[in-house]
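Every chain is numbered from 1, with letters handed out A, B, ... down the list of sequences.
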Protein chains: 2
Amino acid sequence: MSTRENLITQAALLLDKGGDAAVTLRAVAHAVGVSHNAPYRHFKDRNALLAAIAERDFRMLALAFEGTRLGDAEPIQRLKEALGLFIQYGRDYPARYRLLFSDPGIGAAGGSLEAAALKAFTAFAGLVEDAQSTGALPPTPTRELAGLIYATAHGLVDLQAGGRMREQKGLSAAEQGVALLLLLLGAS
Amino acid sequence: MSTRENLITQAALLLDKGGDAAVTLRAVAHAVGVSHNAPYRHFKDRNALLAAIAERDFRMLALAFEGTRLGDAEPIQRLKEALGLFIQYGRDYPARYRLLFSDPGIGAAGGSLEAAALKAFTAFAGLVEDAQSTGALPPTPTRELAGLIYATAHGLVDLQAGGRMREQKGLSAAEQGVALLLLLLGAS
DNA sequence: ACCTGAACACCGTTCAAGT
DNA sequence: ACCTGAACACCGTTCAAGT
């Protein structure tokens with residue numbers, strides 16, 4: 001594995017273990033076994049390293065969604081499966097999730113990162129389209145409906161990852177919120 | 001105005017102007033006109049100062065929601081009005097919004113901050129309840145339905161604040177997403 | 001092409017004093 | 001009770017060298 005790949009991997013591990021603040025270039029470099037400024041040979045700055053983590057995970061999510069779409073369950077079930085995956089990802093890797101979906105520095109990155117993010121969303125929209133074709137979801141324009149479900153799932157997961165899922169808010173778990181949305185949208 | 005109040009105000013202004021990274025205790029202290037470590041006489045650490053900003057704004061949001069509930073428009077219209085306020089707040093003060101609704105350090109704060117956040121949500125749930133009573137929204141348990149709408153609005157605003165509202169995602173504006181949700185939930 | 005050590009300008013936080 | 005100046009242990013980033 002190249003030094004560049006090693007840097008991304010170790011940075012992701014530090015992110016999982018200690019959150020955004022733990023991902024210092026010095027700690028990443030030390031984990032890889034190079035000097036504290038060797039990362040600058042591979043990334044423009046700290047933000048570029050974070051963007052590389054995000055891009056890698058967006059590609060993974062896109063693959064997961066595309067794989068789910070090929071399953072032989074009912075389309076609406078496949079959509080629920082994908083949403084379950086998404087929620088699980090947010091629960092298992094909250095800091096990573098927030099990097100991909102909430103970090104302002106990452107959202108403005110553009111380029112290949114934005115392309116990867118768009119690819120993940122497009123795969124997700126495909127799942128929504130399939131569910132619409134069986135009448136399990138309303139015939140709203142697919143892009144708008146997929147965007148709404150995507151944003152709702154994101155809102156639920158983000159509140160969960162931020163520790164804001166109090167029982168008092170009627171949101172004991174993100175899964176419950178997504179299930180309620182699909183139920184109200186007409187999927188039984 | 002007390003030094004403590006001044007510190008909160010200047011910190012909020014720096015947050016609006018330059019984002020989270022611009023809120024250094026040194027910059028805040030300098031803006032108020034005290035030495036770089038005077039803030040420690042009023043706040044335990046940097047996070048406590050940020051929490052004070054968040055608490056102040058949660059109280060403001062609660063008041064705004066409570067005020068909206070007293071209007072004389074149709075209940076569903078009052079709910080839309082409150083959601084419009086919420087979205088506008090997120091658009092005008094994205095960094096502040098992210099502090100209140102996405103920052104992990106703030107979500108785990110507990111105490112009076114959590115009480116203020118809960119009060120804002122409770123006021124919001126009251127608006128949902130009123131809309132349900134006229135049949136404009138389904139008779140789902142209010143807490144769950146309010147939580148779902150809250151999470152959806154949050155997801156839309158957060159994606160917007162993070163620069164992830166691309167036309168390709170079918171989400172040209174948070175308002176549009178919320179309107180679609182209410183439409184699909186049966187509010188015309 | 002890739003890496004290193006020294007250096008700079010920042011931080012948050014603590015501490016011993018001052019009034 | 002509130003504030004200050006000095007100091008410590010960190011950061012990201014740059015630069016002049018080294019192989």
Can you give me the closest heavy-atom contact between [X] and [Y], atom names plus distance?
{"X": "B/Ala11", "Y": "B/Val23", "answer": "O-CG2, 3.9 Å"}
{"X": "A/Leu50", "Y": "A/Ile106", "answer": "C-CD1, 3.9 Å"}
{"X": "B/His154", "Y": "B/Tyr97", "answer": "ND1-OH, 2.8 Å"}

**OP:** Would you mind listing every ring-ring contact (aromatic ring centres under 6.0 Å, His included) that reaches into residues 11-50 of chain A, with sequence neighbours excluded?
**Re:** none

Of the listed nucleotides ([options]), which one gets closest to any side-chain atom of [X]?
{"X": "B/Arg26", "options": "D/dT4, D/dT13, D/dA7", "result": "D/dA7"}
{"X": "B/Asp45", "options": "C/dT4, C/dT13, D/dT13", "result": "C/dT13"}
{"X": "B/Ala38", "options": "D/dT4, D/dG12, C/dG12", "result": "D/dT4"}
{"X": "B/His42", "options": "D/dC3, C/dT4, C/dC11", "result": "D/dC3"}

Between protein and nucleotides 14-19 of chain D, what N or O pairs are separated by less than 3.5 Å?
{"unit_1": "D/dT14", "atom_1": "O4", "unit_2": "A/Asn37", "atom_2": "ND2", "d": "3.0"}

Original post:
What stems involve DNA chain C, if each pair must be Watson-Crick or G-U and both of its distances must be under 3.5 Å, with 3 or more such pairs in a row?
Top reply: C:4-8 with D:12-16, C:12-16 with D:4-8

**OP:** Let me know, please, whether A/Val23 or B/Gly33 comes out on the 5' side of the other along DNA chain D by nearest nucleotide.
**Re:** B/Gly33

SB check [X] [Y] (cutoff 4.0 Å):
{"X": "A/Arg91", "Y": "A/Glu175", "value": "yes"}
{"X": "A/Asp103", "Y": "A/Arg98", "value": "no"}
{"X": "B/Asp130", "Y": "B/Arg69", "value": "yes"}

Rounded to whole angstroms, how far apart are [atom1] on [X] and [atom2] on [N]?
{"X": "A/Leu49", "N": "D/dT13", "atom1": "CG", "atom2": "C1'", "answer": "14 Å"}
{"X": "A/Leu25", "N": "D/dC11", "atom1": "CG", "atom2": "C1'", "answer": "9 Å"}
{"X": "B/His30", "N": "D/dT4", "atom1": "NE2", "atom2": "P", "answer": "12 Å"}

Original post:
Does any residue of residues 1-14 of chain B have a heavy atom under 4.0 Å from DNA chain D, and if so, which ones, in number order?
Top reply: B/Thr3

Original post:
Who pairs with A/Phe124 by ring-ring contact (aromatic ring centres under 6.0 Å, His included), at least two apart in sequence or on another chain?
Top reply: A/Phe65, A/Tyr150

Subject >> Residue pairs, two or more places apart or on separate chains, that pass salt bridge (Lys or Arg N to Asp or Glu O under 4.0 Å) and touch residues 44-55 of chain A >> reply: A/Asp20-A/Arg46, A/Glu55-A/Arg59

Subject >> Expected output: side-chain B/Glu114 to main-chain B/Ala109 donor-acceptor under 3.5 Å >> reply: no

Original post:
Does any donor atom in the side chain of A/Arg41 or A/Thr3 lie under 3.5 Å from an acceptor atom in the other side chain?
Top reply: no

**OP:** Please measure how far the C1' atom in D/dA17 lies from the corresponding atom in C/dC2, and state the result in whole Å.
**Re:** 13 Å

